[in-house]
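Note sheet for the following structure.
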Amino acid sequence: MHVWRTGEGFVYFLQSMKLLKLLLQAFGPFTETTLDFASGPANLHIIYGPNEAGKSSALRAMTDLRFGIPARSPDDFIHPFNQLRIGGVFMDGQGETLGFTRRKGRGATLTQFNMATGLPDPSLPVTRELELALTGGLDRGEFEAMFGLDHFRLREGGDLLLKGEGELGLALFEASAGTLGIGAILAGLDADAKKLFNPHGAAKSSTINEARRQLDEQRQILRQAQTKPNDWQALQRDHESAKSALADVDGALETHRRRENELTELRTVEPLLREHDRLLAELQDYADIPYLPENAREERLSAEQDLYRIRLEIQDASHELGQCAEKLAILAIEPALLDHGEAIERLAAGVESVARSRLEIRQQQVAIEKMQGDIAAASARIGLASKELEPVLPSAGERVSLDRHLQELGKLAERLDGYRQRAEKVELALRQHFEETPVLPDRPGYAALALALRHAQGLGDVARKKSELSRQLRSLESQMAQSLSDLGIASVDALRGISPLLDNEIADTRQRLADIDKAIHTMRGEESLIRRDLGAQRLRRRQFQAEGEVVTAETLRLARARRDQHWQQIRQAYVERQTSIAEPEGSLADVFETEQTEADRQADMLRADAKRAAGFEECSARIEEMEKRQPDIANGLLSLAARAEAIHAGWSQRLAQAGLPMLQADSLREWQGLRLDALALHDRLSAAQAEFDLVETESLSVATVLVAALKAVGCKPAEGGEATGLPALIEQAAILGKSATEAHAKHEERIKSLRFQQMEQEEVGKRIAETETGLRLHQDGLREWHSRLLLKPDSPPVAVKARLEELDVLERQLAQLNDALLHQAQRQSVIDDHESQAIRLAGLLGEPTPGLVEDFSDRLRKRLNLSKEQDQQRKSLLRDQARAAEKLKRAQAALESNTALLAQLCKAAGIESTGSLPEREQAAAQKRQARNDLARLRQQLAQASARGEQSLRQSLAGLDAIAVNSEHERCKAGIVRLEQGQILARQKEEQTRRALEAIDASDNAAKAREAMESAAARWRVALRPWARLRLAHALLAEALNRFRERAQAPMVASASAYFCLMTDGRYEKLVAEEEDGKPVLRALRADGVRIGINAMSEGTADQLYLALRLAALELRRSSHPLLPLVLDDVLVTSDDQRATNILRALAHFAEGGQVMLLTHHRHLIELAKGELDGQALTIHYL
Amino acid sequence: MRFLHASDLHIDSPLRGLDRYDGAPVNRLRTATRAALERLVDRALGDPVDFLLLAGDIYDRDWQDFHTGLFFREQMVRLNRAGIRVFAVQGNHDAQGVISRQLPLPDNVHVFSSRVAETRRIDDLSVAIHGRSFPNRAVEEDLVPAYPDPVPGFFNIGLLHTSLNGRPGHDTYAPTDLATLTAKGYDYWALGHVHAREIVSEQPRIVFSGNLQGRHANETGAKGCERVSVEAGRVESEFLPMDVVRWSHLTVSLDGIDRLEAVNEAFQSALAPALIGSADRLHAVRVTLTGMTGLHRHEAGQPGTLAATVQAAAQDVVEAEIWIEQVRIDLTAPLDRMQSAQRQDAVGELTRLVDGLVGNHESMQGWAQSALGDVLSAMPTEVSAGETPRLDNFADLRALLLDAEATVLARLADG
């Protein structure tokens, strides 16, 4: 019974609870079924059930009874889920029996029943203590992991042992926790932690790393986006100042510009006012001259020029009128010809056509005669007169049908020829096939040969392999001999007989010696330092002393003590009157005075040179200290040398015990490493030898089979015998096989070709018959036309075609003859029409009837052309005559008008004759110019200044043009300067304004701050899970070490026993060794060889895993009550021997608690019965 | 006559603790304190009021970005265009603050003097507003006695930033008490500083309007301003929510829930009541999972699983947008550690190791320090300002170690 106290202060008595009966009342396929585990004394129960017997349900029932039926149970396929019931009868630590029933549901589903009645009894409550006893304080997962084992888990466990290569801590921990892959769990924890934070990198995938990056990035953004209030104020101040400066410059510029405008105005108006005064005076001089129109002079000149021109025009017109009258009088014109001009033109135009017609009629007549001759000859050849051609010629429809018959007949005849040629070729080929009948090789014999050949080839290149193996063997043997020689050992057996020291033992010795060496080295170093330092300090002290008397605090203290002592003596002698005071040499007072002086002197010296005193003191103190330390160091060195000697002695003794050579620790470690290498080399040598033997045996066997197969197909095997001639045999068999295969392939090909040609022959025959039928049909159609086309009855299609062509030619010739006759008649009618027109025209003109029409026409046309030409001349002369008369009339009128205009001009100028007009016009023009200039000047003044004349004259008072100009220049220079200043001030204002306006109400900084908060939140959120995972990793690693340290010895011992049982003594025990600084598990074979787990087979690794699990559970028994070990088909892949051994081990384990082994392999029962007696085993059948 | 009373705007102070995990409705959250002030001004303009009272802490003390001030000015200009006056006092956060000092405010805003309590009369409304700004950050004396006497015939309002006679979570500033306030004879006291809305007294009406926008998980519930109507001497006051993000705490019991899928349903059921009437807002929720459940082992094996499940469940909520601020695990493990420590197997070894470590804080701290390095101590202030696990805190470290043990056990069981 086990007792513990919970955090709430309750005390539980956890006791063992042995399952006596499993009551499968309504569960899975079971109804009121009982498995009685108390029917015998044994604790090992084999529960047998064939497939579908409910083995898995029974297994689940054992777990569900203790931990409850899960919400999603697969065992409600017969009994409804709310009626599922499992019961169990248990025996507690006091031997008392208790009955429990478990139902499916929520809350309290476990009840106790009365053992006497078998009915639920409310007076028997299920206490926490009882529940704990049932579950062993585990949850379902833990229970299944630790106490449940099936084949797959066993295999996985074995695999992990192989992969972990025997790392002891992992193996023990995994076996104890019932878990798999501690290494993977550690790596998983580490990897998961790194997803949250990776201390060595800026990995974006790690949450905290990424958050840190974001935080920094946003901090940077914040820094850039933020504007401090003081910065803003500085910007605002800058802007205000720039604004004010700009306003000042603007004001000054405005004043300058105003003055500059005024000066410009004055400078402009000053000469204008001067000119104004001059023009007024000039106008006064022309007061008597009238204003004449501005164009008076031009008008006068124009009128005078016009008068001269008009007089010339009157003369020209009169001369032209005279010339026209003379030309008209000499013209001669025929009016009758002009009246019939168009008829005469038409007649003349037809002359050429009439001549051409006469020529054509004569040419046409010759051609007509030739055509008529050809037609007569052709008709005679065919045998019909030309008038009979119509009934012989086929119509258009008939012609189409006839052409089709002819066309089809040609094609079908050609096709028939082709088919007949193919039929002949096929016939010939078939005859050749039947004449050739090849002989085929024996098929079964060659099949056996091929099989033997495959086996032989499967061995690969045997000769090369053997040669390589042989070379490898020689090399390994040589290496082995070298290794043994290096180690100084005679044989491998002797090497195996040596038991090496553990690495930690070597390391410990080495460490101890190294520690001593280190200590000696340290002490010697110190000793050397002291020696050097002591010399230096002594030299320093001597230097102090050489510089003069050294007064220190100590000497001063001593001097004062002496003084005080003498003072005391004086007091005693002179004040207290003690007589016992011995009088020193000299009087007490003198001595005291001397001492007093000395003390004061020393005090003064000490004050004067305190630094030297301090140095001297320090020097003395260090010398003293070092002198004290030197003997300690000497003693320490002696002690260390003694310790080193003892360790060396112990080491030699240990080496002698172990049979090892006398070597130093490092050399021994190396020697042991060489020893392991040698053993490994020996293993490799054995393996290589075994492989060589195997190759040898296999090659012999294969060669024998191959020789037999060659003989069976009647072939003599190649020279060289079975053993050495395998490659030749393989080659011979391969060639034979290949030729047989090719022969069979060719035969197959020939048969296929024959079959194809026969099919083709049938096909061609069918085509020939079809073509001949078509041919006959069209020949019948053509036969009807022979008589109509005046052909013999059996004329071939070619003759029909020729006749049709002859008829076509004849038809075309007749048509051409008709066309020629028609054309001749048309030309004659043209000639006749022309002659009748000439006769009619001669009548109209009163001319005699013409003899030759063409000559008459030509003469008439010449006369007509002459009359037309003279009529044109007459019309032109009449138009010229009218134009000259009109011109004369216009000139006379203009003469009068100009004369009147000149008279008017004289009157306006106030003179009598036109001779004085130019002078008067000159004076009037000058007066007008002066007046206009005055008006323009006034206008310019008005434009130059808005001010009145009076105001301007006032402004100019006292100023001359030079003074105005000078001031104006000064003003302009000032403006230029101010404008430059204005540009700068404006730029400054704009710059400062923009800087100020750039700061708006944006929230960029706030957003960056928010993003920082968010990144910080992410960081914070990740911290706890990260720390949790890291601590979990550290906890697991630490627990692993601690568990190994604590459980290593008992677990390895216990597992050793089980493993020995399971391997039937092949492995004597398990041992823990150190390899590369790590503890590993090895198995000691019966022959003394230590096998690492990585060298074990899978089956042995599985056994080792099972042994470790049993050992872990055995260890657990010491603290916890028993729960049954439930094994589900764990022996499924074990052979009978291995299964027997494991059963034996399980029986041993069952001595300390129940073991339930479920299986569906019946032969296991027989094995178990054969191996174990009835006391150790109970068998249950489902 | 109508006016709004708001306080503790803390413009541009960030919302704390919101990790932007995948699926978090990030787009809804943009400078929430600004959005809340915009809502306040929208409300003042949309349903016009005569004036607005701001009872201190317009800015956050540590925040010195002038853009914030310009934003506040923009909002005040909006009110100015509508002729709405604003009366404000400065509190401990913005007293003598650089932003307050430098920012030129439009004419409609009056900030009360920090040297002496003064009165502003609005004659057309017969309203007198009395107030005084904090002269510096720490004001330890009671300012109320120096407030002017009420103006007879006027509706008298006192504008004051105070911790009253002490409020949890708030530093003591300008302390005073109900009797002093009542004795002053004012009709309405518009108080600021305390971030949780509180009606201190009905007659006279003394109100803490609370802040406009909650900024972290300890400022839960609706946040906004008071709208006060005075008709014929009768005062009617109404709370108007202005917050953009609403913070809440939610406890979800996972008793009897053993599947992750069922967590979604449990979360949604627990959340539904909190969403009634506030579905248009973004909710920042701190979830605490309680109860005894097998999911404890799930979470132990893969820390963060339950948080991710709750975050996913939040995305399934269609009625409103939910941001899971934090998921706190307060689940009870079925494991009996005392019993486990008695076992002689690997699990027992682990339990005893943990027991041994937690028995001595110093050795536990040293051991944890070697496993964790300085990650928990070397953090930027933004991170360490919040709740982080601390090695020098015994309870914290013990809890971490027990969590780590649970993780190991869960992974062993899964292996």
Side-chain angles (χ1 to χ4, degrees), chain A residues 2 4-7 137 139 141-142 145 173 176-177 179-181 185 188 197 199 215 226-230 232-233 999-1003 1005-1007 1009-1010 1012-1014 1016-1021 1023-1025 1027-1032 1034-1036 1038-1039 1042-1043 1046 1112 1115-1116 1118-1120, chain B residues 12 14-20 30-31 34 64-71 74 98-99 101-102 303-304 326 334-340 342-350 353-354 368 371-373 375-376 379-380 382-383 386-389 400-401 403-405 407-408 411-413 415:
Chain A
H2 301 271
W4 69 77
R5 185 182 296 275
T6 68
D139 64 19
E142 285 176 315
F173 201 90
S176 177
T179 188
L180 292 170
I185 292 174
F197 174 60
L215 196 60
Q226 209 172 22
T227 300
K228 293 284 171 57
N230 287 337
W232 185 85
Q233 200 188 28
I999 301 168
D1000 56 9
S1002 68
D1003 57 0
K1007 279 179 182 166
R1009 183 76 186 91
E1010 241 173 39
M1012 282 173 68
E1013 276 303 324
S1014 178
R1018 171 162 288 200
W1019 189 323
R1020 271 197 295 275
V1021 166
L1023 275 173
R1024 181 168 284 278
R1028 180 178 189 169
L1029 288 162
R1030 287 301 313 156
L1031 289 176
L1035 276 179
L1036 182 54
E1038 182 65 27
R1042 292 193 182 190
F1043 184 71
R1046 184 175 64 78
L1115 183 70
R1116 197 174 187 280
S1118 62
S1119 66
H1120 274 63
Chain B
D12 280 346
L15 303 197
R16 296 183 192 278
L18 291 180
D19 166 22
R20 292 180 188 177
R30 283 283 181 271
T31 50
R34 285 193 179 211
Q64 297 207 352
D65 182 29
F66 202 69
H67 296 103
T68 305
L70 292 173
F71 170 75
E74 259 182 20
V98 271
I99 298 181
R101 279 206 311 271
Q102 315 284 8
Q326 201 181 93
L335 175 75
D336 187 337
R337 293 195 70 263
M338 183 61 75
Q339 181 206 29
S340 177
Q342 302 295 321
R343 290 160 54 172
Q344 290 305 304
D345 54 16
V347 172
E349 194 69 55
L350 176 72
L353 167 63
V354 174
L372 301 178
V375 174
L376 297 186
M379 286 179 286
E382 290 86 356
V383 180
E387 286 180 41
T388 56
L400 253 185
L401 213 57
D403 281 350
E405 178 197 57
T407 294
V408 175
R411 297 224 173 178
L412 287 176

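Within every chain, numbering begins at 1; the chains are lettered A, B, ... in the order of the sequence lines, protein sequences first and strands thereafter.
Contact count versus chain B (heavy atoms, under 4.5 Å) is highest, among A:L1029, A:L1035, A:N230, for A:L1035. Heavy-atom pairs under 4.5 Å with chain A peak, among B:V408, B:T388, B:L18, B:L372, at B:L372. Between chain A and the options B:P380, B:G69, B:A368, the largest number of non-hydrogen pairs under 4.5 Å is found for B:P380.
A distance-only check finds no donor-acceptor pair linking the side chain of A:R1028 to the backbone of B:L400 [under 3.5 Å]. Looking at A:T227, its side chain never comes within 3.5 Å of a backbone N or O of B:F66 through a donor-acceptor pair. Not one N or O on the side chain of B:D19 forms a donor-acceptor pair closer than 3.5 Å with the backbone of A:A1017. Side-chain atoms of B:T407 never come within 3.5 Å of backbone atoms of A:A1032 as a donor-acceptor pair (strictly under, hydrogens ignored). Proximity of a side-chain donor or acceptor of A:R1020 to a complementary backbone N or O of B:E382 within less than 3.5 Å is detected. A donor-acceptor pair under 3.5 Å is absent between the side-chain atoms of B:Q326 and the main chain of A:V1021, judged by distance alone.
B:L70 has its side chain out of reach of A:D1000: every pair of non-hydrogen atoms, C-beta onward, lies at least 4.5 Å apart. Inter-residue side-chain proximity for A:F197 and B:V375 is flagged as met; some heavy-atom pair is nearer than 4.5 Å. Between B:L353 and A:R1042, the closest side-chain pair of non-hydrogen atoms falls below 4.5 Å. Looking at A:P229 and B:Q64, their side chains come closer than 4.5 Å, going by heavy atoms from C-beta outward.
Taking every heavy atom of both residues into account, A:W1019 and B:M379 meet most closely at NE1-CG, 4.2 Å. Nearest heavy atom pair, residue B:R34 against residue A:S1002, reads NH2-O, 3.0 Å. Pairing each heavy atom of B:A346 with each of A:F1043, the nearest pair is N-CE1, 3.6 Å. Between A:A1039 and B:E349 the shortest heavy-atom distance is O-CG, 3.8 Å. Counting all heavy atoms, side chain and backbone alike, B:A371 lies closest to A:L1031 at CB-CD2, 4.1 Å. Between A:S1014 and B:R20, the closest heavy-atom pair is OG-CG, 2.9 Å.
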**Message:** If you apply the rule side chain to side chain contact (heavy atoms under 4.5 Å, CB included), what do you find for A:L1036 with B:R411, and how did you get there?
**Reply:** CA-CA 10 Å; A:L1036 182 54; B:R411 297 224 173 178; over 6 Å; no

**Request:** Could you go through the side chain to side chain contact (heavy atoms under 4.5 Å, CB included) check for B:H67 and A:D1003 one step at a time?
**Result:** CA-CA 7 Å; B:H67 296 103; A:D1003 57 0; over 6 Å; no

**Item:** B:T31/A:K1007 under side chain to side chain contact (heavy atoms under 4.5 Å, CB included): CA gap, chis, key distance, verdict
**Value:** CA-CA 6 Å; B:T31 50; A:K1007 279 179 182 166; 4.0 Å; yes

**Request:** Show your reasoning for whether salt bridge (charged side-chain N to carboxylate O under 4.0 Å, His left out) applies to B:R16 and A:E1013.
**Result:** CA-CA 6 Å; B:R16 296 183 192 278; A:E1013 276 303 324; 2.7 Å; yes

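Atoms CZ and CG, from A:R1024 and B:L376 in turn, are 9.5 Å apart once rounded to the nearest 0.5 Å. Note: A:K228 NZ to B:D65 CG = 9.0 Å, rounded to the nearest 0.5 Å.
For A:A1027, the parts lying under 4.5 angstrom from a heavy atom of chain B are both the backbone and the side chain.
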